[in-house]
Amino acid sequence: AIDEYQLQVYPGRMLLLRTTNQSRANAVGLEYDPQFGWGDLVAGGLDIDYVSGSHKTMLVAPHVHVLADKLRHFLALAAHP
């Protein structure tokens, strides 16, 4: 299935939550893309916001509380545009 799958452009708008950790020593690839490849796949626009911590720590306190607050905020905006 993975060999047969073809990416499709999402017609709506998307939110990308990124961490504030600026350490990119273990990043994949040689070029840094602030949209992490999503820019070409989202036709309606890409909003980027930041949460504290790193990819490994964003789901533990205190960072998970920041993530939860951001998710609550953006879900409320989506529910009542």
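Computed from heavy atoms alone, side chains included, the values below leave out hydrogens, waters and symmetry copies. Note that the coordinates shown come from a computational prediction; the quantities given were computed from them, not determined experimentally.
- With values rounded to the nearest 0.5 angstrom, Leu41 atom CG is found 10.0 Å from Gln35 atom CD.
- Residues Ile48 and Met14 share a single hydrophobic cluster, defined by chaining ILVMFWY side chains whose heavy atoms lie under 4.5 Å apart.
- A chain of hydrophobic side-chain contacts below 4.5 Å, direct or via other Ile, Leu, Val, Met, Phe, Trp or Tyr residues, connects Tyr10 to Leu7.
- The hydrophobic cluster containing Phe74 also contains Met58, counting ILVMFWY residues as joined when their side-chain heavy atoms lie under 4.5 angstrom apart, directly or transitively.
- The CG atom of Asp49 sits 7.5 Å away from atom NE2 of His73, with the distance rounded to the nearest 0.5 Å.
- Each of His65, Lys70, His63 was compared with Ser52 under the side-chain hydrogen bond (donor to acceptor under 3.5 Å, both in side chains) criterion, and only His63 meets it.
- In this structure a side-chain-to-backbone donor-acceptor pair under 3.5 Å is missing from Arg18 to Tyr50.
- Contact of the Arg13 side chain with the Asp47 side chain is registered, since non-hydrogen atoms from C-beta on lie closer than 4.5 Å.
- Using a 4.5 Å cut-off between side-chain heavy atoms of Ile, Leu, Val, Met, Phe, Trp and Tyr, with links allowed through other members, Leu17 and Phe36 fall into different hydrophobic clusters.
- Between Thr19 and the options Thr57, Val51, Leu67, a side-chain contact (heavy atoms from CB on, under 4.5 Å) holds for only Val51.
- The number of heavy atoms from other shown groups lying within 6.0 Å of CG (Asp69) is above 12.
- No single ILVMFWY cluster, assembled from side-chain heavy atoms under 4.5 Å apart, contains both Leu59 and Leu16.
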